[in-house]
Amino acid sequence: MDYHVFVVSRIREACNRGMPTRAAVLHGISSSAGVVTSAAVIMVAVFSIFGSLSMQDLKQFGLGLAVAVLLDATLVRAVLLPSVMALLGERNWYLPRTLSWLPRISHGTTGAGTDGTGATSGMGGTVTPVGVGGSPRRGVMTRGI
């Protein structure tokens, strides 16, 4: 699950830079492929070692986890995630109106907030409410991941 957050973060960053959704998905998947694949290979190798143990429960546990990680890293990351995100387009970043109270977090700026409130996150970025500070559309998530 952690590496899916990593992949979606790369896609979101590309969208924030102005890339169309399909190009952003391609960029996000290709830029994170090495890290995610390496992590999956390591996890599958470790879980496969459980198959050499003498306890039947641990063999089943290891085989199940190895297969689950392998399917997740290949089918979900390489097929399901890009196809669903390409189909959804801009709706990937839709934020329901009931969640408009969530803060807008910007990682690329320093100093006072761009909305004139001067609210800062304490981490070098700014935090402003969604819809404040020039949010392009109401209900669109503008928070960086």
Side-chain angles (χ1 to χ4, degrees), residues 1-111 113-115 119-133 135-145:
M1 185 60 159
D2 292 340
Y3 57 83
H4 288 293
V5 173
F6 180 67
V7 172
V8 173
S9 295
R10 300 293 82 79
I11 295 169
R12 181 65 181 156
E13 289 169 359
C15 282
N16 285 342
R17 287 194 305 263
M19 292 178 108
T21 302
R22 288 183 186 267
V25 169
L26 179 65
H27 173 74
I29 296 293
S30 62
S31 67
S32 62
V35 173
V36 173
T37 304
S38 298
V41 166
I42 291 169
M43 290 175 67
V44 167
V46 169
F47 292 141
S48 297
I49 292 173
F50 287 2
S52 67
L53 299 177
S54 61
M55 292 180 60
Q56 186 66 27
D57 292 342
L58 289 178
K59 286 183 179 186
Q60 293 174 355
F61 180 73
L63 178 66
L65 284 175
V67 170
V69 168
L70 187 62
L71 289 175
D72 186 46
T74 55
L75 292 179
V76 174
R77 182 184 61 90
V79 177
L80 188 62
L81 178 73
S83 61
V84 169
M85 290 190 82
L87 286 173
L88 289 175
E90 284 297 316
R91 292 179 299 248
N92 284 314
W93 317 117
Y94 172 74
L95 184 67
R97 202 172 286 237
T98 57
L99 296 177
S100 63
W101 58 270
L102 290 172
R104 177 177 178 242
I105 299 173
S106 172
H107 297 286
T109 61
T110 58
T114 58
D115 66 342
T120 61
S121 67
M123 295 174 54
T126 60
V127 178
T128 57
V130 174
V132 175
S135 177
R137 292 175 297 279
R138 177 103 175 126
V140 175
M141 185 170 85
T142 57
R143 191 178 103 194
I145 297 177

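Just the heavy atoms: all of them, side chains too, but no hydrogens, waters or symmetry mates, feed the values below. Numbering of residues begins at 1 and proceeds along the displayed sequence.
- For the residue pair Gly28 and Ser32, the shortest heavy atom distance occurs at O-OG, 2.7 Å.
- Under the 4.5 Å side-chain criterion, counting only non-hydrogen atoms from C-beta, Val36 is not in contact with His4.
- Considering only residues two or more places apart in sequence or on other chains, Leu71 meets the side chain to side chain contact (heavy atoms under 4.5 Å, CB included) condition with Val67, Leu75.
- Residues passing the side chain to side chain contact (heavy atoms under 4.5 Å, CB included) test with Ala24, sequence neighbours excluded: Ile11, Ala14, Cys15, Met19.
- For the atom pair CD1 (Ile42) and CZ (Phe47), the distance works out to 12.0 Å, reported to the nearest 0.5 Å.
- Separation of atoms CE (Met85) and CD1 (Ile29) is listed at 8.0 Å; rounding is to 0.5 Å.
- The side-chain hydrogen bond (donor to acceptor under 3.5 Å, both in side chains) check on Arg91 picks up nothing, with sequence neighbours excluded.
- The side-chain hydrogen bond (donor to acceptor under 3.5 Å, both in side chains) pairs that include a residue from residues 74-87 are Thr37-Arg77, where partners are two or more places apart or lie in different chains.
- Smallest separation of non-hydrogen atoms from Val76 and Pro82: O-CD, 4.1 Å.
- Residues Leu99 and Leu102 meet the side-chain proximity criterion, which asks for heavy atoms closer than 4.5 Å.
- Listed by first then second residue, pairs satisfying side-chain hydrogen bond (donor to acceptor under 3.5 Å, both in side chains) with a partner in residues 17-31 read Arg17-His27, not counting sequence neighbours.
- Counting only residues at least two apart or on different chains, no side-chain hydrogen bond (donor to acceptor under 3.5 Å, both in side chains) pair has a member in residues 38-48.
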Name every donor-acceptor pair, under 3.5 Å, that has one atom in a side chain of residues 55-65 and the other anywhere in the protein, sequence neighbours excluded.
none

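- Between the CH2 atom of Trp93 and the CG atom of Leu88 there is a distance of 10.0 Å, given to the nearest 0.5 Å.
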